[in-house]
Every structure is written in C-alpha cells, then in structure tokens.
Amino acid sequence: MAPDIDSPRSEGGDLALRWSGRVSLTRRILAVNIFALLLLAGGFFYLDSYRSRILDGNLDQAKREARLIARALAAVSPDARDPLIVQLSHDTKTRLRLYSIDGALIADSRVLGERNFLLRDPDKDGLDQRAARFLDAAIDTIVGASRLPLYREQRSGLAWPDVRIARSGGAAGTIWRAPDRTPVITAAAALAPGGPVVMTTVNARDITQTVRVERFRLSLVLLTATIVSILLSLFLARTIVRPLRRLARAAVRVRLGRAREVVVPRLPDRGDEIGMLARALSDMSLALRARIDATEAFAADVTHELKNPLASLRSAVEGLGSVRDPELQERLLVIVRDDVFRLDRLISDISEASRLDAQLSRAKFEPVDIGLMLEGLIAQHAARGIDRDVRLRFDRGDAHDESGELIVPGEGSRLERVFENLIDNAISFSPSGGLVSIAALRHENLLELRFEDEGPGVPEDAREAVFRRFHSVRPGIEAFGRHSGLGLAIARTIVEGHQGTIDVESREDRLTGARFVVRLPLSDRS
C-alpha cells in the first residue's frame with residue numbers, strides 16, 4: 001500500500017533536512033526546549049566550581065591565620081601561651097593545637113575549654129540533610145570532582161601532613177571531608193624553624209550551606225523553567241502541529257480523489273504563516289474542485305457536441321446504402337462531407353482548448369507589435385476578399401509609443417488567433433457593405449483594443465454566455481456547422497493567459513452592433 005503522502009525528492013538545499021526530518025515536529029519542539037533546560041541545569045556544575053574556589057580561598061586564609069597565630073605565640077612566654085591560645089581560638093572560631101617538634105601535643109584549645117569545633121554525626125541528621133548529602137555525592141560523581149580525604153583525629157602530631165610539612169618552616173594546609181560531607185580545613189605553621197608547630201582546624205560548614213542554598217534556588221528556577229517550557233511546548237504543538245496535521249489530512253484526502261468532499265480549514269483568525277498556508281491550500285482545493293468540475297462539464301459538452309454530427313453522419317451513411325436516386329445520393333454525400341468537416345473542426349478546436357492552459361503556462365512571452373499584427377491581418381483579409389463587401393478599418397489613435405509601435409509582451413501566434421477570431425466574428429455578423437472598425441487606445445500601462453461591427457449586437461443578458469464553451473449563435477446566412485462554438489472561449493483563455501481581459505460592452509455612439517474590448521498590459525519599453 002502506498003504511503004499517505006508521496007512527493008518527489010526535489011527539495012531545495014536550504015529546505016532539506018537530514019536526521020531531524022524523520023522526527024515529528026512536536027518532538028523537535030520539545031527537544032529544543034529541553035536543550036535550553038539542560039543549559040540551565042549546567043548551573044549545578046558551575047556551583048561545584050564555585051565551591052572549589054571558595055574552599056581554595058578559605059585554605060589560603062587558613063594558612064595566613066596559622067602564620068599570624070604562630071608569630072603571636074612565638075612572641076609570648078610559654079606560660080602565657082595557653083590563655084592566648086584560648087583567646088585566639090575564640091576570636092578565629094578555630095580549634096588550635098600546639099605540637100612539639102617530635103609531634104607531642106603541648107596545648108589544645110578544646111582541652112582548655114574552647115569547644116568551637118564539633119563534627120556532626122550523619123546518622124542523627126534528618127531526612128532533609130540526608131537528601132542534601134545524597135545530592136552532593138551525586139553531583140560530585142557527575143562532575144568528576146576529586147574525593148577529599150576523610151577527616152579523622154590523630155594521636156600524634158606527626159600523623160598530620162600539615163604538621164610534618166610546617167616543621168621545616170612556612171605553612172601548609174589541607175581540605176578534608178567530614179562524615180557529614182562538609183569540608184574541614186586544617187593549616188599548620190611553625191613558631192620558629194625547628195620549633196613547635198601550631199595547627200588550626202575549622203569545620204567550614206557555612207560553605208556547604210551556601211552551596212546548598214544556591215542549589216535550592218537554582219532548582220526552583222529550573223523547575224519553574226521546566227513547567228513553563230512544557231506548557232510552551234504544548235502550546236506550540238497545539239498552535240502549530242495540530243493545524244498542520246489537519247491540513248495534511250485534508251491534502252491527503254484531496255490526493256485520494258475526494259476533492260468535492262474535503263473542506264480545507266481556512267483558519268481565518270490566524271494571520272501568521274500557518275494561516276496563510278491554510279488559506280492557500282483552501283484556495284488551491286477550491287481551484288482544483290473548479291478545474292475538476294470544468295473538466296467534467298467540458299467532457300460532457302464534448303460528448304454532446306460530437307454526438308450530433310455523428311448521428312447525422314451515421315444516418316447519411318445508412319441512407320447511402322438504400323438510396324438509388326443519384327440526386328439524393330449526391331445530397332447525402334454533401335451531408336457526409338459537411339459532417340466530416342464539422343467533426344474535424346470540432347476535434348481540432350477541442351484539442352486546442354484542452355491544451356491551451358498548459359501551453360500558455362510554459363510559453364515564453366516576447367515583445368509583440370499589435371499594430372503591425374492587426375495591419376497584417378486586415379491586409380490578408382483584403383487580399384483574400386471579404387464577403388458581402390464588408391470593410392475593415394484600423395485606427396491607431398495616440399496609443400502607440402514614440403516609435404509608432406503598440407508593444408505588448410506575449411506569444412504572437414496565440415494573440416493572432418484571438419484577433420483573427422474577433423475579426424471573422426465581426427465580419428460574419430456585419431450586413432452587406434458594413435464597417436468593422438478596430439481602434440487602439442492607451443490607458444496608462446494598458447492597451448485597449450475595440451472591435452466594433454454594425455450587426456445585430458449582443459443582448460446584455462448574453463454578454464457573458466458568448467464566452468462559454470460550445471455556445472454558438474450564428475447569423476442566419478451562415479451555413480450550419482461552420483463554427484464549433486469554442487472560438488470566443490479560446491480567445492478569452494488566451495487573453496487571460498496574457499494577464500488581460502476580454503469583454504462585450506455597449507457602444508458609446510448607441511449605434512447597432514457589437515463591441516468586443518480586449519485589454520492587454522503594455523510592455524515596459526512602450
């Protein structure tokens with residue numbers, strides 16, 4: 001079974017899609033919005049970098065404080081160190097420990113009564129803290145953050161890497177991970193080269209709390225953006241995808257040959273591109289429906305028009321087989337010849353009428369001098385001789401340009417067919433010795449050509465009907481079957497294919513006769 005929609009792969013390079021062309025529009029809209037959300041979610045990873053910078057800054061500050069404390073303790077006597085250690089521990093909110101060169105503990109602010117360093121037991125935390133630690137661990141795993149060493153108390157000062165490094169002078173620091181995943185910063189500095197070493201310890205729980213608060217705020221923003229994005233995606237899917245699907249289904253039904261049954265939604269309330277597309281498809285389906293109706297009507301008319309001469313021809317041929325009278329046989333042969341001529345003309349005109357639209361759509365228009373063409377047609381009629389001494393007159397007026405030409409863009413042979421038909425039509429309806437006048441007038445960028453005769457004229461209620469196919473009202477003196485009734489219909493098709501108009505109008509001089517008016521756009525050079 002063929003797919004619902006088949007089309008040749010002739011899209012332009014700027015419209016061709018590769019892999020995304022196989023994904024529905026709704027999913028593509030969602031993908032674009034989700035991509036934007038992922039960019040926003042990248043803020044979580046930025047928070048890890050932000051935390052690392054804060055920790056590095058606090059580590060540098062801890063080293064500076066360790067140096068300053070070491071200098072302060074070196075400046076006082078050993079008896080005055082314990083009160084100073086308590087005071088400095090209270091002021092800096094750190095735990096201070098003083099180790100000898102061999103790692104023995106000399107003084108500890110916690111033992112001295114300043115208990116400002118406490119580690120939380122994670123087993124006693126609530127559900128919110130456990131969730132926060134789980135989120136910390138998950139983000140650290142995703143971003144590939146280095147795992148900090150677990151903080152554990154040591155019995156000997158030499159077990160601390162900071163103390164070992166600081167014994168030779170200078171300062172050293174380390175960032176540890178507490179059991180509740182908060183950072184612990186230690187720093188050590190020697191009071192003097194080869195002398196005691198002071199070590200500071202602080203639980204930087206505020207850094208973790210700050211990062212978690214920012215993460216919570218970012219989560220709220222991300223949640224809000226996600227909800228808005230989903231709603232916008234649904235809105236876009238509803239306002240774009242749904243009408244496109246309706247239009248596609250309608251187009252498929254038209255393609256399946258149900259043009260008369262399909263009502264393509266016009267979406268009159270939409271002024272965007274989808275509304276334009278809907279109205280264009282609706283107009284296209286209406287035009288297609290009208291074309292189908294016209295084709296069917298044309299086929300019915302062709303059948304009707306062909307049956308009449310065929311019936312007459314068949315009757316005459318059957319009569320020839322049974323008639324012995326030579327005179328009657330001659331009369332029947334005349335009927336056969338007339339019917340054959342009529343059929344030949346009908347078939348030729350029908351063939352031209354059926355191909356005319358397609359041929360005009362492919363035609364390449366060139367500048368055509370209408371004045372020269374009309375003068376040539378009049379000269380041809382004069383050379384052949386005009387029935388009943390009908391006269392032809394052409395008046396250029398002031399319609400021509402400076403070179404005396406009447407230039408329009410078009411296909412010369414087609415326009416010649418129009419004018420030939422109008423001249424023949426005017427001659428056939430003119431009385432003996434009548435005058436057929438052709439006048440050219442210019443209206444801005446339009447060339448107006450008037451074909452007037454002195455015949456009976458066209459009744460006002462029949463002025464549109466004369467352009468219908470197979471509509472034929474001929475003068476009584478003309479032999480039956482000389483015309484197919486397609487001449488004026490073909491003429492209108494040709495003129496409209498040249499962006500012009502052809503109409504029947506009343507004569508301004510109120511004399512009898514018909515006036516056919518052809519209006520064509522002038523060439524830019526005229």
Side-chain angles (χ1 to χ4, degrees), residues 50-122 145-211:
Y50 171 69
R51 179 182 60 185
S52 299
R53 289 197 299 271
I54 294 178
L55 287 174
D56 292 341
N58 283 20
L59 181 61
D60 293 338
Q61 182 180 352
K63 292 177 182 178
R64 288 192 296 270
E65 287 182 354
R67 290 194 193 98
L68 293 174
I69 292 171
R71 291 174 185 174
L73 293 178
V76 298
S77 63
D79 297 336
R81 284 176 180 172
D82 288 352
L84 183 58
I85 287 174
V86 173
Q87 183 63 40
L88 291 174
S89 175
H90 177 77
D91 292 341
T92 59
K93 297 181 176 58
T94 61
R95 180 181 179 181
L96 298 181
R97 279 174 281 193
L98 185 63
Y99 291 100
S100 65
I101 191 64
D102 57 359
L105 182 64
I106 299 175
D108 185 352
S109 63
R110 183 174 183 179
V111 176
L112 296 174
E114 188 64 33
R115 302 178 63 86
N116 54 10
F117 177 76
L118 297 173
L119 296 179
R120 287 183 179 178
D121 185 357
S146 59
R147 188 176 179 84
L148 298 175
L150 182 64
Y151 178 84
R152 295 182 183 277
E153 291 293 343
Q154 307 295 334
R155 293 182 180 181
S156 173
L158 296 180
W160 297 103
D162 300 343
V163 175
R164 292 196 303 270
I165 297 173
R167 285 188 306 169
S168 59
T174 304
I175 302 175
W176 307 81
R177 172 174 53 88
D180 63 348
R181 297 193 67 83
T182 57
V184 176
I185 301 175
T186 60
L191 274 63
V197 176
V198 63
M199 187 179 78
T200 64
T201 307
V202 62
N203 186 193
R205 197 176 287 115
D206 58 325
I207 296 177
T208 302
Q209 190 64 27
T210 300
V211 172

**Interatomic spacing from CG in Asp102 to OG in Ser156 - rounded to 0.5 Å** = 8.0 Å

**Electrostatic pair Glu153:Arg97 at N-O distance under 4.0 angstrom** = yes

**Message:** Side chains of Phe117 and Asn203, heavy atoms from C-beta outward: is any pair under 4.5 Å?
**Reply:** yes

**Request:** Measure the spacing between CG of Leu96 and CE of Met199 and express it to the nearest 0.5 Å.
**Result:** 9.5 Å

**Prompt:** Is the shortest heavy-atom distance from the side chain of Leu112 to the side chain of Ile85 under 4.5 Å?
**Reply:** yes

**Request:** Mind checking the CZ-OG spacing from Arg167 to Ser100? Nearest 0.5 Å is all I need.
**Result:** 9.5 Å

**Item:** side-chain contact (heavy atoms from CB on, under 4.5 Å) between Asp82 and Val86, worked out
**Value:** CA-CA 6 Å; Asp82 288 352; Val86 173; 5.7 Å; no

**Message:** Minimum heavy-atom separation for Thr174 and Pro161, please, with both atom names.
**Reply:** OG1-CG, 4.2 Å

**Message:** Arg120: which residues meet the side chain to side chain contact (heavy atoms under 4.5 Å, CB included) condition with it, sequence neighbours left out?
**Reply:** Asp125, Gln129, Asp180, Arg205

Distance-only donor-acceptor pairs under 3.5 Å for side chains of residues 55-73, two or more places apart:
residue	atom	partner	partner atom	Å
Gln61	NE2	Glu65	OE2	3.4

**Prompt:** Taking side chain as C-beta onward, heavy atoms only, is Tyr151 less than 4.5 Å from Thr201?
**Reply:** yes

**Request:** Using the side-chain contact (heavy atoms from CB on, under 4.5 Å) rule, take Ile185 and Thr200 through it: C-alpha gap first, then chi angles, then the decisive distance, then the call.
**Result:** CA-CA 8 Å; Ile185 301 175; Thr200 64; over 6 Å; no

**Request:** Please determine, by modelled atom types, if Thr186 and Trp176 share a side-chain donor-acceptor pair under 3.5 angstrom.
**Result:** yes

**Asked** Taking only residues two or more places apart in sequence or in another chain, which ones pass side chain to side chain contact (heavy atoms under 4.5 Å, CB included) with Asp91?
**Response** Gln87

**Request:** Indicate yes or no: at least one non-hydrogen side-chain atom of Leu119 is less than 4.5 angstrom from one of Val184.
**Result:** yes

**Sub-4.5 Å side-chain heavy-atom contact between Val202 and Lys93** = no

**Request:** Give, for atom CD of Glu114 and atom OG of Ser109, the distance between the pair rounded to the nearest 0.5 Å.
**Result:** 6.5 Å

**Message:** Less than 4.5 Å apart, side chain to side chain, heavy atoms only: is that true for Arg152 and Leu150?
**Reply:** yes

**Prompt:** Any chance the side chains of Thr94 and Asn116 put a donor and an acceptor closer than 3.5 Å?
**Reply:** no

**Item:** Where Ala187 and Asp162 come nearest, the two heavy atoms and their spacing
**Value:** N-OD2, 3.8 Å

**Request:** Supply the atom-to-atom distance Tyr99 OH to Gln154 CD, rounded to the nearest 0.5 angstrom.
**Result:** 8.5 Å

**Item:** Residue pair Pro196 / Ile101, side-chain heavy-atom distance below 4.5 Å
**Value:** no

**Message:** Counting only heavy atoms from other residues, nucleotides and ligands, does the tally under 6.0 Å from CZ of Arg177 exceed 12?
**Reply:** yes

**Item:** Thr92 side-chain N/O to Leu88 backbone N/O, donor-acceptor pair under 3.5 Å
**Value:** yes

**Request:** Indicate yes or no for a side-chain donor-acceptor contact from Arg164 to the backbone of Leu158 under 3.5 Å, with no hydrogens or angles considered.
**Result:** yes

